[in-house]
There are 4 protein chains.
Amino acid sequence: MKRNKPKYKQIIDAAVIAIAENGYHQAQVSKIAKQAGVADGTIYLYFKNKEDILISVFQEKMGVFVDNLQDIIKNESSSSEKLTQMIENHFQVLAKDHHLATVTQLELRQSNKEIRLKINAILKEYLALLDQILIEGMLSGEFNTTMDVRLARQMVFGTVDEITTTWVMSDYRYDLVALAPKVTQLVLNGLKA
Amino acid sequence: MKRNKPKYKQIIDAAVIAIAENGYHQAQVSKIAKQAGVADGTIYLYFKNKEDILISVFQEKMGVFVDNLQDIIKNESSSSEKLTQMIENHFQVLAKDHHLATVTQLELRQSNKEIRLKINAILKEYLALLDQILIEGMLSGEFNTTMDVRLARQMVFGTVDEITTTWVMSDYRYDLVALAPKVTQLVLNGLKA
Amino acid sequence: MKRNKPKYKQIIDAAVIAIAENGYHQAQVSKIAKQAGVADGTIYLYFKNKEDILISVFQEKMGVFVDNLQDIIKNESSSSEKLTQMIENHFQVLAKDHHLATVTQLELRQSNKEIRLKINAILKEYLALLDQILIEGMLSGEFNTTMDVRLARQMVFGTVDEITTTWVMSDYRYDLVALAPKVTQLVLNGLKA
Amino acid sequence: MKRNKPKYKQIIDAAVIAIAENGYHQAQVSKIAKQAGVADGTIYLYFKNKEDILISVFQEKMGVFVDNLQDIIKNESSSSEKLTQMIENHFQVLAKDHHLATVTQLELRQSNKEIRLKINAILKEYLALLDQILIEGMLSGEFNTTMDVRLARQMVFGTVDEITTTWVMSDYRYDLVALAPKVTQLVLNGLKA
DNA sequence: CATGAATGAGATTTCATTCAT
DNA sequence: AATGAATGAAATCTCATTCAT
């Protein structure tokens, strides 16, 4: 399995750095290879083509979000508490890795439709977990039982995403994680029963 | 003033169509020229470069949003009512022009950081009006007076934007405007005092 | 019609020279462009891709053979005389243009199957004219009336082609046209009634 | 001597199959190795480089033609009879092995000048035997004593080769060996005194 | 004003060959 | 002897922009 070989992750990480530092369209395969400390051709032993690198980057990194969120859901806390943790986790992961934040919020969105569709498919797993929390909260009576789950999810994700993107475009000039409580409050207010 | 000559708008509209039908990266200057019924070189009599076309597209089209929102603000209605109208107007304008919706929600976001920064600058006027409504609502006691206006604005815009994008990616399969009341409710809930 | 613009023929001729001097695989588009005195990109205003250049080279040059052969067939001479003229013409055209001879006999044969199939299709017109001469000669009783026309044609063409290729591989060390009478004699002997 | 080790022939045969099935330009060293059931690197223990494989393929396979032709020449039959047998043998060997026919008639000819010169050198042995038959026939008075032996040989080989190639390009749709008598007749007619 | 032919820089990917194990 | 992971050079084609007419 290529996915477990050390060079696989090495190239993924190099891609994040290369894209963050050069921008999506200026992150040529040769730059990624150089950053990874391998020859250009080596890239193609681990990835089918450049598109495959980009999608794999998103997939591997998104995995952290999904794994964390799955842990959060398993908690015995309330749905509100879970949503609070989700937002904080989302901010924390990105605040800890500015390169990753730039790549997911700005650079990867410049990719063509085909890649974006694949990225969206990966994102769905994360959004499904978010739906789980919302539905749970509705069943328990914590959240408004008459709301449209899909719209509610889009509000939560849209809010978190917009705030993160604005933070990245500001060049990380302020503390994203510190905003979590206020963001959570706004969002929970919108959802509450 | 080039902006008022007939070919200027002709090219702008051609760009929207060319981008919507071909995608951002496949909307070459020659395609825009052909769609506009002018020679490639003619484009450069009205625009400095391709970037200038794209930014102008956003600028011209954004004008409608801003004009409508200014009218809404002048109303004598409550802040909640103004926000309600803003969301409905946002949805209505895009629901009426699928080409424009595709271009602003999907295609133009594939542009590079530089263009996106300029687009954000144009967007600011719209967001400033949104801020006005929010502040007004806080002063009047309709909205939570302790909230962070910037975050609140990002929640409103992020929600509306995410819902619109999802609708575009679904190929306009449902009625966007019909969602307005529920979206408004979610958002107003989040903001309310 | 691109085919009649001066640059079209200019590029075709440049391709013959570039291929003859550098070999098929070393005749990069940039070399052809340089030889033609145009920019690389200009090539693509006249040809769809590199393959299109190569096929067009063959087509344009083969045209001379076909045109000459059509004139020969219109003569009032005997079929033997026509065949004699065909062979002499074939040798003369190639003997006059060593570059062309190298390209058709050696270099163009290194192309891939797809291109070779298209080249063969072009060649068919020439071979059809040869068939005409053979059939005419059989009907008039000059040639063996029991022979298989297809095999006879393959003998004539195979002989002429092999002799030409050998001459090219010898670096044109002898006079190809001077061989025509003897070659004709061999071939006519094979065909005679 | 590497030539006698089992893996040598194994690789040669694998090369014929790989080239026949994938085409000359798509028969990468790795494909030949896979077909042979050895590692890529192993190839280089038996062959200097890829060119060496191709030339060796031709050399090894040409050996059969030469051996058969030497047997034929030793016969006590007439020169016409020997030529008859030569043509039939040529057709039979290739008709029995379609892979080999494709490789020698189509694929190997896509190689560059350098390789083709080396292939021609190998072919010379076969052509020298053909010359022997022709000279013998001239001395015995069977063949035209005034003809140019070199041209006569090129006629015979050119004819046989062209007919074989046409058969291969037709996808072996008809019986090549069945053509032998008619081909022989055409050729012998051309040569006869 | 308008045209459109010409320009030329720039990047992904393949594959023969090597060499440490 | 055998392996196969790693190397890295090299070429087609696109497209924003210019400028002579």
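Note that this is a predicted model, so its numbers are computed, not measured. Residue numbers start from 1 in every chain, and the chains themselves are labelled A, B, ... in the order their sequence lines are given, proteins ahead of strands.
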Given atom [atom1] of [X] and atom [atom2] of [N], what is their separation to the nearest angstrom?
| X | N | atom1 | atom2 | value |
| --- | --- | --- | --- | --- |
| Ile32(C) | dG8(E) | CD1 | C1' | 17 Å |
| Phe47(C) | dT12(F) | CZ | C1' | 16 Å |
| Ile53(B) | dC15(F) | CD1 | P | 14 Å |
| Gln10(C) | dA5(E) | CD | C1' | 13 Å |
| Asn22(B) | dT14(F) | CG | P | 15 Å |
| Lys34(B) | dC15(F) | NZ | C1' | 15 Å |

Practice task
Name the pairing partner of dA1(F), where a pair is Watson-Crick or G-U wobble with both distances under 3.5 Å, or state none.
Solution key: none
Problem - Nucleotide forming a Watson-Crick or wobble pair with dA9(F), both distances under 3.5 Å - result: dT14(E)
Exercise for the section: List in numerical order all residues of residues 107-116 of chain B for which some heavy atom is under 4.0 Å away from an atom belonging to DNA chain F. Expected result: none
Practice task
Using modelled atom types only, decide if a donor and an acceptor are shared between the side chain of Thr42(A) and the backbone of Val38(A) within a distance under 3.5 Å.
Solution key: no
Under-4.0 Å side-chain N/O to phosphate OP1/OP2 contact, [X] with [N]:
| X | N | answer |
| --- | --- | --- |
| Lys31(D) | dC15(E) | no |
| Gln26(D) | dC15(E) | yes |
| Lys7(C) | dA6(E) | yes |

Problem - Residues Tyr46(A), Ile53(A); criterion side-chain contact (heavy atoms from CB on, under 4.5 Å); working and verdict - result: CA-CA 9 Å; Tyr46(A) 295 88; Ile53(A) 308 175; over 6 Å; no
Handout entry: Test log, rule side-chain hydrogen bond (donor to acceptor under 3.5 Å, both in side chains), inputs Asp161(B) and Gln105(B)
Key = CA-CA 8 Å; Asp161(B) 191 59; Gln105(B) 301 303 122; 3.1 Å; yes
Exercise for the section: Identify which one of Gln35(B), Lys61(B), His99(B) satisfies the side-chain hydrogen bond (donor to acceptor under 3.5 Å, both in side chains) criterion when paired with Asp13(B). Expected result: Lys61(B)
Exercise for the section: Identify whether any heavy atom of Tyr46(A) sits under 4.0 Å from a base atom; if not, whether one sits that close to sugar-phosphate; answer base, sugar-phosphate or nothing. Expected result: sugar-phosphate
Fill in the blank from the handout: Result for 5'-nearest mapping on DNA chain F, choosing between Leu45(A) and Ala39(D), is Ala39(D)
Exercise for the section: Assess the side chains of Gln28(C) and Asn22(C): does a donor N or O sit below 3.5 Å from an acceptor N or O? Expected result: no
Problem - Closest to the Thr42(A) side chain, choosing from dT7(F), dA1(F), dT3(E) - result: dT7(F)
Practice task
For Lys118(B) and Glu51(B), run salt bridge (charged side-chain N to carboxylate O under 4.0 Å, His left out): C-alpha distance rounded to whole Å, both residues' side-chain angles, the deciding distance at 0.1 Å, then the answer.
Solution key: CA-CA 10 Å; Lys118(B) 293 190 182 171; Glu51(B) 180 180 320; 3.0 Å; yes
Exercise for the section: Answer yes when Lys31(D) and Glu21(D) have at least one side-chain N-carboxylate O distance shorter than 4.0 Å, and no when they do not. Expected result: no
Practice task
State whether the number of non-hydrogen atoms from other residues, nucleotides or ligands found under 6.0 Å of Glu125(B) atom CD is greater than 12.
Solution key: no
Fill in the blank from the handout: Its contact letters, B for base, S for sugar-phosphate only and - for none at protein heavy atoms under 4.0 Å, make nucleotides 16-21 of chain E read SBB---
Exercise for the section: Please state whether the rings of Phe47(B) and Tyr8(B) are parallel, tilted or perpendicular, taking 30° and 60° as the class boundaries. Expected result: parallel
